[in-house]
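Scroll down for the structure; my scribbles are underneath it.
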Amino acid sequence: MDLARLIYDAGVVGAGGAGFPTHRKLLPDAGLLVVNAAECEPLLASDRYLMRHCAEQIVAGIVAVVDEFAIGRVVIGTKRHYVAEIAALRAAISAAGADIEIGAVDSFYPAGDEQVLIYELTGQTVPPGKVPIALGIVVINVTTAYQIHRATLGEPMLRRAVTVNGAVRAPRLVDAPVGTTPADLIAAAGGASCERHAFIKGGPMMGPCFAADAAGSFGYGKADSGLVVLPAEHPLVAFAGKPLEHVLGQTSACIQCRLCTDMCPRYLIGHQMRPHLVMRVAQTRTHVADLADALLCCECGICELYACPMGLSPRRVNVWAKGVLREAGVTAGDPNIYPEQTADHPMRKIPQSRLIERWRLDPYPTELDEVVSIAPSRVLIPTKHGVGRPADPIVAVGDRVSAGQVIATVDQSAIGALVHASIDGRVSAVDATQITIER
């Protein structure tokens, strides 16, 4: 079985957020496969649902990878309080006779960051600026393992479960075709429960925030697992709405307390990621090379949404600094690992419950088990689903397409993924970023 080809043909990408093309991630020289089942963001529950209800398929996908690439060791990394999920996975592992370990970690944020999870499970630090294969480790998301199993059956990635939570009348999981608009996802959860609202694409810590009137303008991709509706006056909405110039102007208010650095998860695994120094340099916007720490930022949001006592935005400053550095040709931060920084890691794990309380998310459920399947009349399918290049459309306006038909292509050797029609219908619009299909 040419598993990489089957995965490529199915258009599978990493389902944990980054959307890296899975056929390019699986390598035969990996000694350890880590399956990331530590769903990172507060309020999201899609991975947990699959672990409870589709454990056999998840294990089958893992076994297919291990058999194809001769990987010596497999660990499913998940949170120890996921009792029902762990029980379902153990039962499926036993039934399959598979040699798969389960590594349980604390419920902290961001336990689902792949480099943090590797550190928790192995005690090793991925070198700054590198990816896990530098340590002989491959990481895939638990939902990706499920999609790999479907790929072995010849089924392309056409649908996914999206958590719709927050200020909606019926928070639930929505089984939706790729390209479903936020408007249709919100409607599937009973609609917004407040008249004036905004929504976050993804989770509340890392996801971008949109005004309500943007809900019909784009479709969800293969790596998009959550949608959180919030009242328009919610503090997270206000925080996300600060203009960049305002954010940069506020850097002069930084008191250099270094809490953003002391709480940074990448700093705590040994990377020279020091947001407080980036804030200092950003005040004058000179000495561009001194911003280089920002290149190691994973954009988890702890610095601005938990650590900073001044209400500043070190993450957004880091994102700005990355752009400045790349324009200047600076593409790498400090490559060294500083083991002394890891001493405080065990004491500085931030419980998810604290984040939920801090940002007034406690009215919303953290566990969901209801799922509804929808068939929207229109989908806006992205041509790019995460890391890599967009696929090239091969359909035109007016074409009739069937669910599962390839509508945008990319070579197997490229960092990109095939795109399939997720519903039967007629192509009504094509541009570089998305293909619209109407039933």
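Both backbone and side-chain heavy atoms feed into the values below; hydrogens, waters and symmetry mates do not. Computed from a prediction, not measured in an experiment: that's the story for all the values here.
The closest donor-acceptor contact from the side chain of Y220 to the backbone of G226 lies under 3.5 Å. Between the T383 side chain and the A432 main chain, a donor and an acceptor come within less than 3.5 Å of each other. Judged by distance alone, the side chain of S422 and the main-chain N or O of P177 form no donor-acceptor pair under 3.5 Å. A distance-only check finds no donor-acceptor pair linking the side chain of K25 to the backbone of V138 [under 3.5 Å]. Judged purely by atom type and a 3.5 angstrom limit, H23 has no side-chain atom pairing as donor or acceptor with the backbone of A417.
Using cut-offs of 30° and 60° for the angle between ring planes, the H53 and Y49 rings count as tilted.
Judged by the 6.0 Å and 45° rule, R354 forms no cation-pi pair with Y306. K242 forms a cation-pi arrangement with F239, by the criterion of a distance under 6.0 Å to the ring centre and an angle within 45° of the ring axis.
Using a cut-off of 4.0 Å between Lys/Arg side-chain N and Asp/Glu carboxylate O, D106 and R80 are scored as salt-bridged. Using a 4.0 Å cut-off between charged side-chain N and carboxylate O, D184 and R378 make no salt bridge. A salt bridge is absent between R48 and E39; no separation between the charged side-chain nitrogens and carboxylate oxygens falls under 4.0 Å. Checked for salt-bridge contact, R52 and E367 miss the test: no charged N lies under 4.0 Å from a carboxylate O. A salt bridge links E101 to R73: one of the charged nitrogens lies within less than 4.0 Å of a carboxylate oxygen.
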Practice prompt. Decide side-chain contact (heavy atoms from CB on, under 4.5 Å) for L227 and V229; before the verdict, give the C-alpha distance in whole Å, the side-chain angles of both, and the deciding distance to 0.1 Å.
Written response: CA-CA 7 Å; L227 186 157; V229 176; 3.5 Å; yes
Worksheet item: Checking side-chain contact (heavy atoms from CB on, under 4.5 Å) for the pair K349/E120: CA distance, chi angles, key distance, verdict?
Response: CA-CA 11 Å; K349 297 177 185 176; E120 285 286 309; 3.2 Å; yes
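A distance of 7.0 Å separates CG in D9 from CD in Q412, rounded to the nearest 0.5 Å. Interatomic distance, L89 CG to I62 CD1, rounded to the nearest 0.5 Å: 7.5 Å.
Here N336 pairs with D334, Y338 under the side-chain contact (heavy atoms from CB on, under 4.5 Å) rule; sequence neighbours left out. Looking at residues two or more places apart in sequence or on another chain, you find no side-chain hydrogen bond (donor to acceptor under 3.5 Å, both in side chains) involving K130.
S428 and T436 share no donor-acceptor pair across their side chains, judged by distance under 3.5 Å alone.
Looking at heavy atoms from C-beta onward, T143 lies in side-chain contact with R160 at the 4.5 angstrom threshold.
For the residue pair D175 and S373, the shortest heavy atom distance occurs at OD2-OG, 3.2 Å.
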